[in-house]
Amino acid sequence: MYIFASNVFEKMKNEIYRSILERKALQKKSFAVLIDPDKVNDENINQLINLSADAKVDYFFVGGSLVVSDYLNQCISLIKSKTNIPVILFPGSPSQISKNADALLYLSLISGRNPELLIGQHVISAPFVKQSGLEIIPTGYMVIDGGAPTTVSYISNANPLPLDKSEIAVCTAMAGEMLGMKLIYMDAGSGAIRPISEKMIKSVSSNIDIPLIVGGGITTPEKAYLNCKSGADVIVVGNAIEKDASLIKEISSAIHSVNIPVN
Ligand code: 1GP
């Protein structure tokens, strides 16, 4: 039996989600750099943090489908000690919770039919998540077929949504929004061969009011730009940056250039 002190509820915050909503209202596109704690160390994370701060990255997402190292807490503390960029957990499992972060994407895999990832793991971890005091952002997570089996599709044991079935994506996102999700995250999976099409992004974004996050297989500033033009509010890039950190600046400029109204 878990009993919560009232200050646990008081600690629940809304700042990060409010910032995402405000940016959307102002038609400002956001860039989230994804950091997988398994793929960074004290040396390269400093470079990523510095480049991200210089490039005015909007958010850090931290997490991975499979985090096998114990670097999560340390990695977040390091980010927090060096920059004010908000850190949002993007957990592949309930074990990837750190009180050092600012918020948690509370993911329900609404594109799949695996009850464990729709609600099962949430039930088991609910007391722990609530006690963390983190800002919790309920997120409808949709995995789209990226042309290759990715870690997320294997681990989730759920079929990804077919990449050419925009109508299914639209209905899934609409259902997520009506169920009360605060964000929709469409993900082709880390290192996807085919990132999500602009057609699908356009269809989904024009049918929901909540912010839309898009990630998976985005490797160029051009693709990030086109995704934003199609209606994505937040672009997430991980893999490409791990290979070439100089892309942070280029992709950030491309995404933020969408903010400038063309006369
Ligand atoms: C994966 O959306 C993220 O869950 C980012 O994908 O690593 O391919 O950029 P990439």
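Atoms within a ligand are numbered from 1 in the order they appear, just like the ligands themselves. Note that the coordinates shown come from a computational prediction; the quantities given were computed from them, not determined experimentally.
More than 12 heavy atoms of other residues, nucleotides or ligands sit less than 6.0 Å from atom CG of Asp42. Within a 6.0 Å radius of CG in Asp164, more than 12 heavy atoms belonging to other residues, nucleotides or ligands are found.
Qualifying ring pair (Phe, Tyr, Trp, His ring centres under 6.0 Å) partners for Tyr71, counting only residues two or more places apart in sequence or in other chains: none.
Salt-bridge formation is not detected for the pair Lys13/Asp102: no Lys NZ or Arg NE/NH1/NH2 atom is positioned less than 4.0 Å from an Asp or Glu carboxylate oxygen.
Expressed to the nearest 0.5 Å, how far CG of Leu89 lies from CD1 of Ile76 amounts to 4.5 Å.
Taking the six-membered ring for Trp, His122 and Tyr106 have ring centres closer than 6.0 Å.
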Where does ligand 1 get N/O contacts under 3.5 Å from the protein, atom by atom?
| unit_1 | atom_1 | unit_2 | atom_2 | d |
| --- | --- | --- | --- | --- |
| ligand 1 | 2 (O) | Tyr185 | OH | 2.9 |
| ligand 1 | 2 (O) | Asp187 | OD1 | 3.0 |
| ligand 1 | 2 (O) | Asp187 | OD2 | 3.4 |
| ligand 1 | 2 (O) | Gly216 | N | 3.2 |
| ligand 1 | 4 (O) | Asp187 | OD1 | 3.4 |
| ligand 1 | 4 (O) | Asp187 | OD2 | 2.5 |
| ligand 1 | 6 (O) | Gly216 | N | 3.3 |
| ligand 1 | 7 (O) | Ser190 | OG | 2.5 |
| ligand 1 | 7 (O) | Asn239 | N | 2.8 |
| ligand 1 | 8 (O) | Gly191 | N | 2.7 |
| ligand 1 | 8 (O) | Gly217 | N | 2.8 |
| ligand 1 | 9 (O) | Gly238 | N | 2.8 |
| ligand 1 | 9 (O) | Asn239 | N | 3.4 |

